[in-house]
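No experiment lies behind these values; they were computed from the predicted model shown. As the structure lists them, so they are numbered: ligands from 1, and atoms in each ligand from 1.
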Amino acid sequence: MATKDLSQYDIESVPSAENMRFGIVVAEWNFEITSALANGAVNTLKKHGATDENIRVKYVPGTFELPLGAQYFAEMENVDAIILLGCVIQGETRHFDYICDGVTQGTIDLNLKYNKPFIFGVLTTNDEQQAKDRAGGKHGNKGDEAAVTAIKMVHLKQNFSD
Ligand SMILES: Nc1c(NC[C@H](O)[C@H](O)[C@H](O)CO)[nH]c(=O)[nH]c1=O
Ligand SMILES: CC(=O)[C@@H](O)COP(=O)(O)O
């Protein structure tokens with residue numbers, strides 16, 4: 001099955017993010033990739049109306065620390081959604097599996113604990129090229145996808161009773 005282009009979406013389906021507040025937590029591991037994801041997310045949020053002052057970016061050492069960094073945002077900042085951005089690349093051992101499982105379950109737990117969108121913007125790839133392809137390469141930018149998802153989920157919550 002062809003890989004979806006992560007940056008292709010129906011622009012008309014995305015609400016305005018003008019009054020939305022976002023936290024973005026970025027893993028420093030594979031920083032060439034994760035910084036590209038962060039740039040994609042910030043640019044997409046602003047493309048849909050988010051303001052600079054409503055976009056707060058913080059960094060953690062690795063993807064395994066993303067859920068705690070995201071929880072700091074939920075506890076200490078007034079944000080409507082938190083985007084988690086990381087890149088885990090398979091090595092020689094099963095460490096990859098444990099990081100991916102941890103960040104996945106941690107993100108799910110945060111969504112339900114805080115009743116707030118925590119968006120899973122983590123690349124989990126077999127090699128560096130697959131990561132590059134999804135951080136502004138031939139398959140788009142997962143940061144773009146995460147930003148659009150965040151905007152839609154905040155809008156869903158804010159307008160759920162409509
Ligand atoms: N191998 C990768 C890591 N490893 C580091 C962990 O995320 C974590 O920081 C460490 O285990 C200490 O708790 N992190 C990534 O983001 N990407 C990798 O490919
Ligand atoms: C995903 C990882 O932690 C990985 O980069 C570590 O590499 P290795 O499994 O070869 O120790």
Side-chain angles (χ1 to χ4, degrees), residues 1-9 17 20-47 50 52 54-77 79-154:
M1 183 177 83
T3 301
K4 176 182 181 299
D5 185 319
L6 299 165
S7 300
Q8 292 300 314
Y9 58 91
M20 298 179 184
R21 298 152 304 193
F22 302 95
I24 303 177
V25 194
V26 184
E28 294 171 338
W29 256 80
N30 298 313
F31 191 67
E32 176 190 348
I33 301 295
T34 62
S35 57
L37 298 178
N39 288 336
V42 170
N43 291 339
T44 301
L45 291 174
K46 293 168 70 173
K47 173 181 172 182
D52 284 321
N54 282 344
I55 302 171
R56 302 289 310 282
V57 182
K58 298 288 186 182
Y59 297 88
V60 296
T63 292
F64 195 81
E65 285 75 40
L66 285 173
L68 183 54
Q71 181 163 290
Y72 289 160
F73 258 121
E75 290 286 338
M76 302 181 211
E77 297 281 350
V79 293
D80 298 305
I82 299 97
I83 297 170
L84 291 79
L85 298 175
C87 176
V88 191
I89 299 174
Q90 179 63 65
E92 295 177 354
T93 72
R94 293 169 56 208
H95 194 222
F96 171 92
D97 299 332
Y98 293 101
I99 296 170
C100 295
D101 291 349
V103 67
T104 302
Q105 192 58 55
T107 304
I108 293 169
D109 293 346
L110 288 169
N111 275 279
L112 303 180
K113 176 179 177 182
Y114 288 93
N115 194 35
K116 178 176 293 192
F118 289 78
I119 307 305
F120 186 77
V122 178
L123 293 174
T124 56
T125 66
N126 295 314
D127 55 45
E128 188 175 8
Q129 187 57 51
Q130 286 184 346
K132 289 180 176 178
D133 290 345
R134 291 158 178 80
K138 67 180 181 181
H139 293 312
N141 190 321
K142 191 136 187 89
D144 299 356
E145 178 199 51
V148 169
T149 302
I151 293 168
K152 287 184 173 183
M153 289 306 291
V154 171

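Under a 4.0 Å criterion applied to the non-hydrogen atoms of His95, ligand 2 contributes the atoms 2 (C), 3 (O). Those atoms of ligand 2 with a heavy atom of Glu92 less than 4.0 angstrom away are 8 (P), 9 (O), 10 (O). Near Ile89, the atoms of ligand 2 lying under 4.0 angstrom from a non-hydrogen atom of the residue are 1 (C), 4 (C), 5 (O). Using a 4.0 Å cut-off to heavy atoms of Gly91, the atoms of ligand 2 that qualify are 7 (O), 8 (P), 9 (O), 10 (O). Every atom of ligand 1 with a heavy atom of Gly62 under 4.0 Å away is listed here by number and element: 7 (O), 9 (O), 16 (O). Atom numbering of ligand 2 starts at 1 in the shown order; those under 4.0 Å from a heavy atom of Val88 are 1 (C). Listed by atom number, the atoms of ligand 2 under 4.0 Å from Phe96 heavy atoms are 1 (C).
Of all protein heavy atoms, the one closest to atom 16 (O) of ligand 1 is Thr63 OG1, 2.7 Å. Nearest protein heavy-atom neighbour of atom 3 (C) of ligand 1: Trp29 CD2, 3.3 Å. Looking only at protein heavy atoms, the nearest one to atom 12 (C) of ligand 1 is Glu65 OE2, 3.4 Å. Of all protein heavy atoms, the one closest to atom 17 (N) of ligand 1 is Cys87 O, 2.8 Å. The nearest protein atom to atom 19 (O) of ligand 1, hydrogens excluded, is given as Ile89 N, 3.1 Å; this is a heavy-atom distance.
Annotation: Ala27 places no N or O atom under 3.5 Å from an N or O atom of ligand 1; distance criterion only. Between Trp29 and ligand 2, not a single N/O pair is under 3.5 Å apart. Looking at ligand 1, you'll find an N or O of Phe64 within less than 3.5 Å of one of its N or O atoms. Considering both main-chain and side-chain atoms, Arg94 never comes within under 3.5 Å of ligand 2 through any nitrogen or oxygen pair.
Under the 3.5 Å distance criterion, the side-chain polar atoms of Asn54 are left unmatched by any main-chain donor or acceptor of Ala50.
For Asp80, the salt bridge (Lys or Arg N to Asp or Glu O under 4.0 Å) partners at least two apart in sequence or on another chain are Arg21.
Residues Ile108 and Phe120 fail the side-chain proximity criterion, which asks for heavy atoms closer than 4.5 Å. Side chains of Val60 and Leu68 form no contact here, defined as non-hydrogen atoms less than 4.5 Å apart.
Between the side chains of Glu75 and Tyr114, at least one donor N or O lies within less than 3.5 Å of an accepting N or O.
The line from CD1 of Ile33 to CG of Leu85 is 12.5 Å long, rounded to the nearest 0.5 Å. Interatomic distance, Ile24 CD1 to Ile55 CD1, rounded to the nearest 0.5 Å: 6.0 Å.
Checking each of Leu84, Leu110, Ile82 against Phe73 for a side-chain contact (heavy atoms from CB on, under 4.5 Å) leaves exactly one that passes, namely Ile82.
Nearest approach of Lys4 to Gln8, heavy atoms of both residues: NZ-O, 3.5 Å. Heavy-atom minimum distance, Ile119 versus Met153: CD1-CG, 4.4 Å.
His95 counts as a contact of ligand 1, since one of its heavy atoms falls under 4.0 Å from the ligand.
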